[in-house]
Amino acid sequence: VYPTVEGNGVVRGCRLSVTQFLRGTPVISIDLFIATLKKLMSCVQLDSEVRDELHKLNVKFAFALTVFKKYEEAFAQLGLQSQLDDPTYLDKVKQLGWMLFILAEVEIMDRKPEIIDCAYLLISILLFI
């Protein structure tokens with residue numbers, strides 16, 4: 001933890017160092033990012049356009065996180081078993097499915113996804129797998 005001291009004497013810290021971030025192994029979660037973004041928006045005076053963009057970003061992250069959690073649940077229910085010696089095979093298949101979902105969402109839905117459309121797309125991806 002890298003502590004910082006605020007004006008009122010409260011010590012706070014960030015659990016993500018620049019080195020960790022650059023190595024690609026951040027220990028920060030999306031949930032924490034969304035919470036921090038909400039807190040930032042409430043604490044800082046922002047231009048209305050910037051505030052609107054941050055709000056849209058926050059909604060998109062929350063939506064993507066919800067859809068991803070549903071994807072993970074549905075993937076686990078498939079009960080797939082690897083017949084290869086590679087223990088990471090199923091993780092790679094799951095990642096491939098998620099990447100297909102993201103690409104299809106961008107190309108088909110024009111980045112304006114609705115929950116029902118995403119559900120149908122997830123089902124299609126899972127059937128493909």
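Values below: every heavy atom of this structure, side chains too, minus hydrogens, waters and symmetry copies.
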>> Under the salt bridge (Lys or Arg N to Asp or Glu O under 4.0 Å) definition, can you give me all pairs with a residue in residues 119-129, not counting sequence neighbours?
In response: none

Result block: side-chain N/O donor-acceptor pairs under 3.5 angstrom for residues 66-74, not counting sequence neighbours:
residue : atom : partner : partner atom : Å
Thr66   : OG1  : Ala62   : O            : 2.9
Tyr71   : OH   : Lys94   : O            : 2.7
Tyr71   : OH   : Trp98   : N            : 3.3

> Which pair of heavy atoms, one from Gln81 and one from Leu90, lies closest together, and at what distance?
Replying inline: CA-CD1, 4.1 Å

>> Rounded to the nearest 0.5 Å, what separates atom CZ in Phe63 from atom SG in Cys118?
In response: 3.5 Å

>> Are Leu122 and Met99 linked, directly or through intermediate hydrophobic residues, by side-chain heavy-atom contacts shorter than 4.5 Å (ILVMFWY only)?
In response: no

> Do Leu103 and Val93 share a hydrophobic cluster, counting only Ile, Leu, Val, Met, Phe, Trp and Tyr and linking them when any side-chain heavy atoms are less than 4.5 Å apart?
Replying inline: no

>> Using the side-chain contact (heavy atoms from CB on, under 4.5 Å) definition, which of the options Leu57, Val59, Asp52 pairs with His55?
In response: Val59

> Atom CG of Leu100 and atom OG of Ser124: how far apart are they, to the nearest 0.5 Å?
Replying inline: 11.0 Å

> Where is the tightest heavy-atom contact between Leu121 and Glu105, given as atom of each residue plus distance?
Replying inline: CD2-N, 3.8 Å

> About how many Å separate CG of Leu54 and NZ of Lys56, when rounded to the nearest 0.5 Å?
Replying inline: 11.0 Å

>> How close do Ile129 and Gly97 get, counting heavy atoms only, and between which atoms?
In response: CD1-CA, 3.7 Å

> Between Ile125 and Leu127, is there a shared hydrophobic cluster once you connect ILVMFWY residues whose side-chain heavy atoms come closer than 4.5 Å?
Replying inline: no

> Can you hop from Phe101 to Ile123 via hydrophobic side chains spaced under 4.5 Å?
Replying inline: no

